Amino acid sequence: MQQGDMTPVAWPSDSLTRVPFGLYCNRDQYALEQERIFNGPTWNYLCLAAELPRPGDYLVSGVGEASVIVARAPAGELNAFVNRCAHRGSLLCLKRRGHAENITCVYHGWSYDLAGQLTGVSFERGVKRQGGMPAEFKRSEHNLRRLRIAEFCGLVFGSFDDGASELESYLGPDIAARIRRVLTKPVKVLGRTTQMLPNNWKLYLENVKDSYHASILHLFFTTFEINRLTQKGAIIIDDSGGHHVSYSVADQAADNSAYRQQALRSNKDGYRLEDSSVVEAVDEFGDGITMQILTVFPGFVLQQHLNSIAVRQLLPRGVDRSELVWTILGFEDDDHVMTERRLKQANLVGPAGYISMEDGAVGGFVQRAVRGLEEDSGVLMMGGSDARSQEFRTTEASVRGFWKKYRSLMGA
Amino acid sequence: MQQGDMTPVAWPSDSLTRVPFGLYCNRDQYALEQERIFNGPTWNYLCLAAELPRPGDYLVSGVGEASVIVARAPAGELNAFVNRCAHRGSLLCLKRRGHAENITCVYHGWSYDLAGQLTGVSFERGVKRQGGMPAEFKRSEHNLRRLRIAEFCGLVFGSFDDGASELESYLGPDIAARIRRVLTKPVKVLGRTTQMLPNNWKLYLENVKDSYHASILHLFFTTFEINRLTQKGAIIIDDSGGHHVSYSVADQAADNSAYRQQALRSNKDGYRLEDSSVVEAVDEFGDGITMQILTVFPGFVLQQHLNSIAVRQLLPRGVDRSELVWTILGFEDDDHVMTERRLKQANLVGPAGYISMEDGAVGGFVQRAVRGLEEDSGVLMMGGSDARSQEFRTTEASVRGFWKKYRSLMGA
Amino acid sequence: MQQGDMTPVAWPSDSLTRVPFGLYCNRDQYALEQERIFNGPTWNYLCLAAELPRPGDYLVSGVGEASVIVARAPAGELNAFVNRCAHRGSLLCLKRRGHAENITCVYHGWSYDLAGQLTGVSFERGVKRQGGMPAEFKRSEHNLRRLRIAEFCGLVFGSFDDGASELESYLGPDIAARIRRVLTKPVKVLGRTTQMLPNNWKLYLENVKDSYHASILHLFFTTFEINRLTQKGAIIIDDSGGHHVSYSVADQAADNSAYRQQALRSNKDGYRLEDSSVVEAVDEFGDGITMQILTVFPGFVLQQHLNSIAVRQLLPRGVDRSELVWTILGFEDDDHVMTERRLKQANLVGPAGYISMEDGAVGGFVQRAVRGLEEDSGVLMMGGSDARSQEFRTTEASVRGFWKKYRSLMGA
Amino acid sequence: MDARNPGVPVDQAVRLAVADLLARYVDVIDEGRLEAWPELFAEKCRYLITSAESFEEGLPHGVIYADSRGMLRDRVSALREANIYEPQRYRHLVGPIWVERETETTVRVRSNFLVIRIMHTGDTMLFATGVYRDLVDISSAPYRFIERIVVTDSHKIDTLLAIPL
Amino acid sequence: MDARNPGVPVDQAVRLAVADLLARYVDVIDEGRLEAWPELFAEKCRYLITSAESFEEGLPHGVIYADSRGMLRDRVSALREANIYEPQRYRHLVGPIWVERETETTVRVRSNFLVIRIMHTGDTMLFATGVYRDLVDISSAPYRFIERIVVTDSHKIDTLLAIPL
Amino acid sequence: MDARNPGVPVDQAVRLAVADLLARYVDVIDEGRLEAWPELFAEKCRYLITSAESFEEGLPHGVIYADSRGMLRDRVSALREANIYEPQRYRHLVGPIWVERETETTVRVRSNFLVIRIMHTGDTMLFATGVYRDLVDISSAPYRFIERIVVTDSHKIDTLLAIPL
Ligand code: FES
Ligand code: FES
Ligand code: FES
Ligand SMILES: [Fe+3]
Ligand SMILES: [Fe+3]
Ligand SMILES: [Fe+3]
């Protein structure tokens with residue numbers, strides 16, 4: 001794609017409180033996002049360091065629509081490079097994960113080391129002094145396109161852009177602290193699942209950042225008092241606006257009258273579980289925080305619901321389609337009881353999750369509703385017009401923060 | 001979409017006798033049609049008033065690609081508004097039809113009355129005096145986008161454009177009279193079916209307006225003398241050209257020699273039914289008209305074949321895909337025998353209809369044939385070059401009328 | 001589509017050694033290819049003359065995305081014309097092959113002779129002196145759009161462009177000679193199959209022209225010494241660069257050390273068949289050539305692997321999808337033993353072919369790998385930078401030849 | 001026996017003969033021997049294609065509706081003689097089958113079905129899914145359909161429905 | 001008997017009763033009678049939806065995981081009372097079925113399945129395919145699932161998984 | 001018995017053993033135990049994958065054609081040792097099954113099939129539908145295929161056909 005003939009969607013004003021629906025369905029906008037956001041000065045979650053324990057381990061991840069290989073080199077360091085041969089562009093790794101000394105392309109047998117450097121070219125000198133590569137061919141000019149790579153608390157991020165600041169300063173101190181709070185020790189992968197979302201990637205990220213919907217769309221939050229807007233909690237937003245944390249603290253005494261006044265669908269006091277083990281939690285971090293949800297722009301989510309911990313990677317798959325890769329976690333030192341607890345609480349999240357099921361569909365509701373009327377805009381006025389941290393969650397500040405960061409990168 | 005970067009298909013001349021094939025597959029053209037035709041000064045069929053008998057009844061219909069809710073308010077009047085929340089744009093109604101006091105969005109619980117007015121905003125004042133909406137937020141500025149609505153003979157139409165003339169003058173006296181002829185009394189819904197057409201919406205509307213193909217493509221017409229071009233009949237076209245009626249009168253004596261000369265595939269005199277109840281009709285309107293087909297621009301069809309009555313709503317679903325929603329009708333005062341008669345004659349129409357089956361496929365034949373050679377044009381010379389009512393049906397006047405109206409709206 | 005608003009992909013330089021990946025996924029590029037290549041001064045394979053033995057035989061083929069009818073007229077000559085009615089553009093032939101006196105459109109019954117000339121218009125004079133065609137209507141102005149047609153060795157080609165040189169000079173003497181070598185006598189169709197390729201059409205044609213990959217990607221070549229780069233063989237490229245031949249000669253004594261040095265995956269000496277009849281061949285052309293693969297720009301392949309002979313027609317079906325139509329051949333004078341031999345060796349080719357299976361997938365590997373990073377380029381330096389015939393096959397000369405021809409037609 | 005309530009037991013022989021009737025139905029359609037299709041029905045019979053939505057709403061209309069074997073024969077002759085449609089075929093998969101005794105001489109049968117449509121172009125699509133709701137005459141061999149209501153899960157039909165489901 | 005090794009023979013009556021249990025499972029889900037679904041399981045049971053990839057890798061997590069009939073009932077009441085999702089239905093096709101004797105009172109059963117999902121909009125998709133890996137209590141009629149592991153061939157789930165597979 | 005003509009009756013035991021052979025065929029392919037696949041055929045056998053169009057036109061070629069168990073074993077070892085293709089699996093559904101007596105020791109069998117292909121990426125597609133046309137040796141247990149002609153409804157094959165149908 002050439003930037004030349006791209007016309008991005010126009011914004012009605014500089015305000016963050018009006019978001020044009022065209023952003024969710026315009027093809028030029030989507031193409032520009034690949035260049036300016038995913039291939040731009042951002043850090044994109046790739047995998048867990050724990051998924052590549054030994055030198056030679058590799059896996060296939062993605063940044064935007066690009067396929068990316070992450071590999072642990074013999075010396076032990078991690079490398080990331082595009083999953084595309086430097087010769088004619090074939091995919092190099094055809095499996096999601098594996099172990100290898102080096103990476104050989106099936107098409108013409110070019111091989112690369114685990115740092116993405118070209119180490120072998122079939123028939124480079126030809127056969128019987130005929131054919132082969134000309135003198136001016138230099139292997140060093142045909143290494144795989146590399147990404148910068150950085151690790152934080154066992155999370156591995158990559159960036160295509162040398163202009164991106166160091167990962168930890170990209171995250172900022174508050175977000176970094178909130179990641180540290182959860183990822184305190186070596187993790188263990190309990191499971192994986194991928195959810196295909198029928199909507200533009202931004203609709204999902206907005207949804208995760210949207211502390212306003214949580215207790216209204218999701219009944220479990222309120223009924224079981226895992227999280228309500230009347231509970232203590234807060235929103236933390238970094239200076240760029242792109243990252244956020246929302247959390248709440250257990251608070252049995254919370255005044256429910258606010259809900260009664262609202263008479264919300266989601267407030268059915270009579271509702272009880274027959275087997276409540278699915279919500280029987282222990283306060284493993286010792287701070288009474290029952291729910292913490294955290295995002296790193298543009299596509300990473302770290303989630304703690306009670307003892308259910310997961311990371312999510314968001315990958316755009318077209319203007320109206322996204323892929324959400326879930327990795328369900330425990331800690332290496334979990335005993336059988338703790339693992340069983342996490343597995344049962346995992347019923348709360350994921351594509352069939354009691355409290356996240358709706359999030360898989362609601363983005364599609366918007367995607368379908370904007371058809372034919374893309375010129376209109378949505379509203380983001382809850383909690384004001386800025387994108388700053390707040391002590392309450394009846395706000396759309398984190399969503400405005402997303403657009404603040406988005407516009408700065410898109411130059412709009 | 002922004003009009004700026006749209007380049008519509010160019011016409012070879014002002015004549016209505018040459019239609020460029022590019023009109024059926026060009027994406028910009030399609031996007032502009034949403035703005036200038038479906039969201040423009042036209043009236044779009046939404047539903048039958050009879051489908052919403054009681055206050056609180058609502059259903060989901062569409063105008064172009066937009067999803068639209070039609071609801072009967074407590075006072076009894078009908079309202080139409082877009083099926084998209086004024087907040088962040090979620091679909092509001094997730095079922096095709098239902099009954100409700102008011103409409104509440106699942107995402108953040110905003111609620112609207114049955115006139116589309118915003119009546120409730122969750123946590124509008126925040127919680128414990130924190131968050132919520134700023135002072136400048138006015139509910140009245142966030143009502144659902146409304147459509148004008150008008151009813152004629154129990155047919156409900158909507159328009160996005162205040163510039164559209166009143167429905168009855170939009171129809172014109174001749175078309176209005178022909179609707180009155182059929183919809184003389186309260187109707188009863190006998191069934192519904194939706195046909196997915198593998199073609200651009202215009203190809204289907206052209207087909208319905210095309211009185212030339214009827215007796216050639218559809219064998220039943222001729223063999224059972226339900227309709228032949230040699231029968232008495234006529235074409236009525238309104239002044240705008242966009243609406244039409246074609247009808248024929250029973251005429252056993254009709255001279256068939258014209259057909260014999262043509263030696264048409266569709267003229268097999270030997271062909272007889274074993275159980276002829278499927279075409280045993282009564283002259284319920286007392287005028288001997290065996291077939292009347294009527295269109296209202298851009299996407300409505302009213303059909304009477306013998307005693308089979310149906311309305312059809314045409315909805316574009318992409319440049320090469322359309323949705324055709326059939327509602328099969330009877331009258332409230334039909335007795336059992338009459339209902340059985342209509343049900344049997346319904347075998348003539350719909351996706352499996354003896355005389356309409358082909359119409360579901362022929363649009364796709366054109367859609368596939370234009371691929372790779374969009375620069376060519378089709379021909380519309382039968383019956384001359386104008387778009388006026390005619391006493392005969394060996395003409396393409398109604399199809400030319402469609403393009404006359406189309407070009408005036410598209411400004412081409 | 002209008003050329004006006006098309007922006008083709010830019011090339012980094014005039015060199016043929018760098019190919020931008022955007023060429024495989026850019027929609028404007030794809031639309032321009034239809035005009036400038038498939039509808040331009042090229043010859044496109046349509047069918048075998050042997051598939052239409054009798055006057056009245058017809059079949060449906062394609063050129064680019066356009067559907068094309070090939071028919072044998074009463075006088076015995078072959079004609080080609082678009083499979084689209086001159087009236088409103090319906091497909092004319094709905095079956096892949098058939099026999100008819102003339103071709104009648106199902107929509108309004110217009111009929112054409114087997115040269116594509118309009119011979120009948122339903123109700124041309126109307127009915128009872130009403131309607132029908134106006135005086136200025138001339139049948140002769142509404143014939144089907146014809147293609148030039150030419151036959152060589154029983155292969156039938158068509159061209160939309162009068163500017164294309166005669167077929168035999170288009171092929172050039174060397175390519176013509178290599179076609180004659182295989183198609184020495186009347187052929188017999190043994191089977192047909194169609195392979196849907198998940199990639200841009202160019203990726204498949206590059207693959208076929210790519211003599212570099214053959215012995216590396218496909219194990220059978222090397223293990224059974226049907227073809228290796230160490231065997232004798234050569235590449236022949238015509239002056240335009242668009243057509244090519246690659247062949248190899250049986251050579252048991254060939255020095256395999258080159259392969260051992262490469263330690264290629266595909267060189268497993270231990271590997272043997274339990275039933276070797278699948279590779280038991282006879283030297284039917286008496287020249288010891290075990291493999292000859294030949295392409296004619298833009299979409300024809302003639303293949304001889306041992307005694308397995310087939311022609312392949314490549315049809316674009318969207319920017320990332322292609323259709324590959326295989327026709328498996330024998331000769332009319334084959335005895336039962338020879339036919340059995342060809343049928344068994346056919347296990348080597350086609351969608352399930354031991355030595356061609358991978359070619360159906362590798363184009364998709366590139367198609368998927370370019371996503372999100374279209375701005376990069378692939379490399380074509382093997383064997384130098386020109387596109388001339390060579391005595392060795394460790395070269396990408398034929399692929400460069402493809403781009404030489406492609407750029408001259410696309411004006412890039 | 002029926003999955004919902006034990007009802008009156010139906011012996012294995014009847015189940016097998018019912019399964020055989022359902023298999024014959026699939027065979028005549030998928031192999032294109034449509035002329036044999038009406039013969040699987042009783043002279044006085046009912047055949048209806050409707051959608052789950054219409055069925056549950058109690059709407060009487062069907063995209064195909066016949067109440068005599070003659071009307072089924074007419075449908076076949078129309079497809080052979082009158083109607084224009086591209087060459088196409090169906091591939092049915094059927095099951096599970098639930099059989100429940102209705103009277104001395106009849107059984108109620110339900111079965112899940114899936115129909116794939118394959119066009120002459122080779123294009124293949126999942127065309128319809130749903131439930132067959134049958135009343136079968138078991139008074140004599142071969143068993144015949146007194147009633148077959150084809151309830152499709154979707155109210156959408158792609159392009160056209162030529163061959164009966 | 002199981003296709004992989006002869007094992008201990010299983011008589012025809014047991015096979016039929018097992019097939020009937022599998023058919024009842026399909027019936028309660030496809031007909032939307034979810035309240036009857038937990039009753040097909042033993043009080044102490046195990047129900048897990050996982051992917052072939054996770055299953056082969058030995059990962060314990062499932063997108064749905066229950067170890068009591070109560071948890072299955074909670075899943076149903078959540079779908080009825082708590083969760084928001086568009087009206088939709090499934091259509092199952094199941095088979096072949098492989099049965100192998102485990103103990104005096106139990107059999108191991110495997111069966112291929114295919115689930116089509118039909119939305120209220122009429123949009124239909126191939127939603128899931130895979131294998132049911134069951135342990136069935138045959139000690140008394142009606143048979144019940146002690147364990148049903150739903151192993152989907154794909155690790156991808158479209159939009160959401162509301163109704164159990 | 002066969003749906004087309006009564007023919008010679010085939011008893012229930014034979015039907016069950018034939019169904020078991022067809023189920024084993026599905027099992028070895030869907031579970032990836034391809035080495036067991038050739039063993040379901042007689043030493044001298046015929047395996048052909050063709051399309052309905054070619055089959056009806058009488059064209060002899062097949063995208064896979066083998067006339068010995070050895071050739072089937074070679075196909076498996078090629079898939080294991082030689083050919084490059086992305087990890088993928090099939091999920092078969094088969095039925096109805098029509099069995100007809102051919103000779104004392106053989107039966108003719110037809111069955112509808114549907115094959116879903118699931119790539120390692122999780123992408124799932126309806127890969128093939130059609131009819132298995134078998135000649136089965138029933139002279140001794142276990143039954144074996146003397147001939148299996150796989151007639152696909154479509155002549156189109158997506159990307160490649162690696163694993164046999
Ligand atoms: S594309 Fe990788 S070696 Fe050629
Ligand atoms: S989108 Fe409807 S309430 Fe927020
Ligand atoms: S389109 Fe062919 S006759 Fe009208
Ligand atoms: Fe949520
Ligand atoms: Fe018509
Ligand atoms: Fe190759």
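Scope of the values below: all heavy atoms of this structure, side chains included, with no hydrogens, waters or symmetry mates. First the proteins, then the strands, lettered A, B, ... as listed; each starts at 1. For clarity, every value in this text was computed on a predicted model and none was experimentally measured.
- Contact annotation for C:Val82: only side-chain heavy atoms (C-beta onward) come within less than 4.5 Å of a heavy atom of chain B.
- Of the listed residues (B:Asp28, B:Val362, B:Thr17), the one with the most heavy-atom contacts under 4.5 Å to chain C is B:Val362.
- Among C:Phe137, C:Phe38, C:Tyr107, C:Phe160, the residue with the largest count of heavy-atom pairs under 4.5 Å with chain B is C:Tyr107.
- Atoms CD and SG, from C:Glu65 and B:Cys25 in turn, are 9.5 Å apart once rounded to the nearest 0.5 Å.
- Two residues are said to be in side-chain contact when any heavy atoms from C-beta on lie closer than 4.5 Å; B:Glu358 and C:Val106 fail this criterion.
- Here C:Arg129 contributes atom CZ and B:Thr394 contributes atom OG1; the two are 12.5 Å apart, rounded to the nearest 0.5 Å.
- By the neighbour-count criterion of 12 heavy atoms within 6.0 Å, atom CZ of C:Arg125 is sparsely surrounded, having that number or fewer from other residues, nucleotides or ligands.
- Counting heavy-atom pairs closer than 4.5 Å to chain B, the top-ranked of the candidates C:Gly132, C:Ser67, C:Ala135, C:Ala66 is C:Gly132.
- For chain B, the nearby part of C:Gln34 is the side chain; its heavy atoms alone come within less than 4.5 Å.
- The side-chain hydrogen bond (donor to acceptor under 3.5 Å, both in side chains) search around C:Asn199 returns none, not counting sequence neighbours.
- We find the NZ-NZ distance between C:Lys128 and B:Lys232 to be 7.5 Å, quoted to the nearest 0.5 Å.
- Options B:Gly378, B:Ala397, B:Ala369, B:Ser385 differ in how many heavy-atom pairs under 4.5 Å they form with chain C, and the most are formed by B:Ala369.
- Taking the six-membered ring where the residue is Trp, B:His213 and C:His108 present perpendicular rings, their angle passing 60° and hence far from 30°.
- Of residues 83-96 of chain C, those residues lying under 4.5 Å from chain B by any heavy-atom pair are C:Asn83, C:Arg84, C:Ala86, C:His87, C:Arg88, C:Gly89, C:Ser90, C:Leu91, C:Leu94.
- Using a 4.5 Å cut-off between heavy atoms, B:Asn207 touches chain C through backbone and side chain atoms alike.
- In this structure, the portion of B:Glu396 lying under 4.5 Å from any heavy atom of chain C is its side chain and not its backbone.
- Between the B:Tyr212 side chain and the C:Ser122 main chain, a donor and an acceptor come within less than 3.5 Å of each other.
- Your options are B:Asp210, B:Val19, B:Thr395, and the one with the most heavy-atom pairs under 4.5 Å with chain C is B:Asp210.
- Ranked by heavy-atom pairs under 4.5 Å with chain C, the first of B:Val399, B:Asp376, B:Val370 is B:Asp376.
- By the 6.0 Å contact criterion, CZ on B:Arg388 is open, its count of non-hydrogen atoms from other residues, nucleotides or ligands being 12 or less.
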